[in-house]
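Remember, predicted model here, so these are calculated numbers, not experimental data. Heads up: numbering here begins at 1 and tracks the sequence.
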Amino acid sequence: MAMDKRVVEVLDAIVNDPSITGTKLEEQFCLTRKQLSYTLKKVNDYLESNHFDRINRLKTGKLHIPRHVIEYFRQNQTSVIEHRYLFSEEERGQMIIFMLLTRSERLSLLHLSSSLGVSQNTIINDLKKVRIEVIEHGLEVSYDRGNGYHVLGEELEKRYLLLNCLRRVLEIPVAKNIIAQYHNVMSEHLEKVGNVFSEIEKRFKIQFTDRQLQELIYFICFVLHRIKSGKDLVHIPGSYADISRSRAFTLMQSVISKININSENELIFLTALIQSSNVQSVADKYFHLDTMLLDSVVAVVDNFEKISCVTIKEKNELIEKIYQHWKPAYYRIRYHLLNTSSVHDLVVKEFSHLHEMVRRASVPFEKLLHCEIPDEEMAFLTVLFGGWLTREGVIHQINLQKTAVVVCENSATISTYLFLTLQVLFPELHFTQMLSRREFERYTGHYDVVFSTTHLNTNKMVFVVNSSISSIHKSAFRNHVLSALQGVDPNIIQIEQLLLIFERFGNIIDHQGLQRALASYIYAENNAISAVGSFEPPTPSLTDLLSRAHVHFAAELPDSWQQAITQASASLLRTGVIEPRYVQIMLNKIAEEQPYIMLADGVIIAHAGIDDGALETGMALLRLPRKIAFADYMHADIIIVLATHNPQKHVKALAQLNEFLEFYDGVNVIRQARDEHALIMEIARQH
């Protein structure tokens with residue numbers, strides 16, 4: 001009776017925790033009740049075939065495990081299963097790669113088949129998948145009669161592949177037996193390499209994690225075996241160039257010489273390997289201090305505090321902890337020695353909002369590396385932040401906003417109008433991207449909610465919205481979205497759908513009037529207006545907000561884009577529409593988040609949130625003599641500043657502004673106006 005990985009792991013869990021219940025096993029191994037029953041049957045089949053008593057599942061959900069099974073398998077499980085283990089398809093693939101990169105003898109189809117206990121046809125199918133994985137490393141699996149199956153390509157890429165493969169092989173339940181098959185390699189190198197790593201820990205004043213130390217020792221043994229077989233590193237990438245000038249390289253030279261490695265390329269490679277390895281503890285943190293990396297960690301933690309609105313109490317201690325993780329991670333990414341331990345999917349599933357905040361906060365790391373941080377490394381950073389916030393008891397304070405994207409097929413102006421409108425209408429959501437349909441189909445970033453002008457094929461929540469959503473529909477749409485996001489189904493009636501039904505059975509004379517009446521009846525939008533003594537002022541128009549006091553044509557260019565935003569905001573500050581902090585928040589938002597705020601060519605609209613210091617609803621316009629760069633990602637000569645303290649109050653004016661720019665050649669009208677008064681008259685004439 002052969003055992004696969006699941007059977008081995010379930011048996012191991014049972015004998016090491018006899019009180020474990022069936023429900024706990026289902027949760028631990030992500031099994032259904034039926035799958036667990038099948039697995040327990042295979043466990044019992046194996047036990048009976050080896051003359052052990054069965055494990056019985058009681059009605060209470062607990063398990064009855066014979067004492068001799070517990071005692072025997074706690075001590076001897078690996079030795080019992082070594083000749084009876086059934087490799088999964090994925091494990092066979094890793095074993096084939098591992099054998100191709102570590103065995104000295106000729107490997108034939110028959111050899112692979114007998115070693116893995118499957119048919120030659122199964123090995124042929126496995127090799128097809130292995131070839132695909134190997135190609136991703138720039139390598140090739142080849143075969144000839146003289147050499148059998150072997151891998152062709154650069155030695156450095158083979159080392160990368162061997163390291164990744166070794167990590168996966170060591171996760172197989174019979175890993176000890178697999179390594180034991182390399183007795184000649186281990187007997188020749190294992191003791192020496194172990195002593196070298198003891199010396200490395202002493203010289204570098206670090207302690208590797210147990211798993212990392214095991215991986216490194218085995219890996220170096222196999223590297224020494226490859227070097228002895230004449231497989232030297234001839235080429236190393238440019239990213240390794242500065243290693244030879246580092247203090248770590250000097251230390252490595254004196255230590256590695258004890259295992260007869262003198263090639264500079266090999267020394268550089270091993271130094272990179274040590275620099276990129278995780279450590280359990282650091283005896284002298286100042287010995288390892290890198291100012292550039294430390295500064296990036298400080299910036300990331302500061303960013304996280306701003307984004308999450310949480311004050312971290314033991315901030316310096318957290319910085320030290322993240323620095324200890326970030327330093328080897330930085331070198332792993334730089335040297336392409338990436339981590340294969342898969343926690344990303346679990347982190348994104350369980351902590352998606354926290355993960356998104358950490359991703360946004362980690363921009364300083366990406367600027368330092370000049371590339372994006374790989375998913376696995378980002379997931380580990382999320383775990384670090386989450387663990388720390390849990391320890392401080394403040395993780396519940398994080399504003400866990402859902403992330404939203406907007407998909408619109410209309411022009412840039414209409415798209416921007418919709419994006420800004422939704423931002424203000426739903427301050428509970430964090431809007432990250434404005435995408436076309438084609439961009440959305442290729443988009444791989446994180447999002448929880450989609451607002452789209454058309455139906456989309458996605459497993460996330462999608463809300464279809466009119467690109468020119470009117471004030472009549474806003475309250476109904478907001479209620480509908482928030483109810484759906486909160487898991488409530490209030491059976492909200494969509495007014496537009498009602499109107500379509502009415503039109504099928506008769507003519508509607510006053511379309512807008514009927515819309516207002518339905519909105520008032522269904523959502524009680526106008527109840528407050530009909531109350532005795534109450535009065536709701538009308539929604540301001542573009543000409544109401546963009547009065548002479550708030551339009552300015554500058555004769556000279558400002559000294560910076562920040563000054564341009566400040567100058568454009570001056571009239572709103574002077575008239576008490578906004579507080580000073582509103583301006584600073586706008587500046588920070590543009591500098592750090594670089595939002596898409598371009599309404600038209602050379603026209604930007606800057607704004608902050610309704611709770612960021614907006615006391616009234618207002619709008620101001622500044623025209624510059626020519627375009628200037630804003631935060632190095634957009635150029636504009638017309639700056640519009642928008643402020644609102646009410647999600648509804650600015651919408652009419654914003655819609656009229658977009659209409660003016662889109663349909664009345666508004667950009668050129670603004671640029672060609674002889675003075676501020678002439679521009680205001682032209683806008684009034686169009687509306």
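Of the possible donor and acceptor atoms, none in the side chain of Asp12 sits under 3.5 Å from a partner among the backbone N and O of Val8. Counting only distance, with no hydrogens or angles, the side chain of Asp126 and the backbone of Arg92 share no donor-acceptor pair below 3.5 Å.
Between Asp17 atom CG and Ile70 atom CD1 the span is 10.0 Å, to the nearest 0.5 Å. Taken to the nearest 0.5 Å, the CG atom of Leu216 stands 9.5 Å off from the CG atom of Leu166. Note that the CD atom of Glu140 and the CG atom of Leu152 stand 5.5 Å from one another [nearest 0.5 Å]. Expressed to the nearest 0.5 Å, how far NE2 of His189 lies from NZ of Lys228 amounts to 5.5 Å. Note that CD1 of Ile268 and CG of Leu273 are 13.5 Å apart. Values are rounded to the nearest 0.5 Å. Residue Leu369 holds its CG atom at 11.0 Å from OH of Tyr331, rounded to the nearest 0.5 Å.
Between Phe222 and Tyr182, the ring centre distance stays below 6.0 Å.
Thr458 and Tyr447 form a side-chain donor-acceptor contact under 3.5 Å, judged by distance and modelled atom types alone. Under 3.5 Å, the side chains of Gln275 and Tyr335 contain a donor-acceptor pair of N or O atoms.
Using bins of under 30°, 30° to 60° and over 60° for the plane-to-plane angle, the ring pair Phe197/Phe208 lands in the perpendicular bin. Under the 30°/60° scheme for interplanar angles, the aromatic rings of Phe269 and Tyr240 are found to lie parallel.
The 12-atom threshold is exceeded at CD of Gln28, counting heavy atoms of other residues, nucleotides or ligands nearer than 6.0 Å. The environment of Lys202 atom NZ is sparse: at most 12 non-hydrogen atoms of other residues, nucleotides or ligands sit within 6.0 angstrom. Residue Glu105 qualifies as enclosed at atom CD: its count of foreign heavy atoms under 6.0 Å is above 12. Heavy-atom contacts from other residues, nucleotides or ligands closer than 6.0 Å to NZ of Lys321 number 12 or fewer. Within 6.0 Å of atom CD in Gln120, more than 12 heavy atoms from other residues, nucleotides or ligands are found, so the atom counts as buried in its surroundings.
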**Request:** Apply salt bridge (Lys or Arg N to Asp or Glu O under 4.0 Å) to Arg359 and Glu372, showing your working.
**Result:** CA-CA 10 Å; Arg359 187 188 64 77; Glu372 290 187 2; over 6 Å; no
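When the side chain to side chain donor-acceptor pair (under 3.5 Å) test is applied to Thr271, no partner is found at least two apart in sequence or on another chain. For Asp232, the side-chain contact (heavy atoms from CB on, under 4.5 Å) partners two or more places apart in sequence, or in a different chain, are Ile227, Glu266.
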Under 3.5 Å, which donor-acceptor pairs do the side chains of residues 106-113 form with other protein atoms, sequence neighbours left out?
residue, atom, partner, partner atom, Å
Arg106, NE, Arg145, O, 2.6
Arg106, NH2, Tyr143, OH, 3.3
Arg106, NH2, Arg145, O, 3.1
Ser108, OG, Leu110, N, 3.4
Ser108, OG, His111, N, 3.1
His111, NE2, Arg103, NH1, 3.4
Ser113, OG, Val118, O, 2.4

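Between Glu171 and Arg167, none of the side-chain N atoms (NZ, or NE/NH1/NH2) sits under 4.0 Å from a carboxylate O, so this pair counts as no salt bridge.
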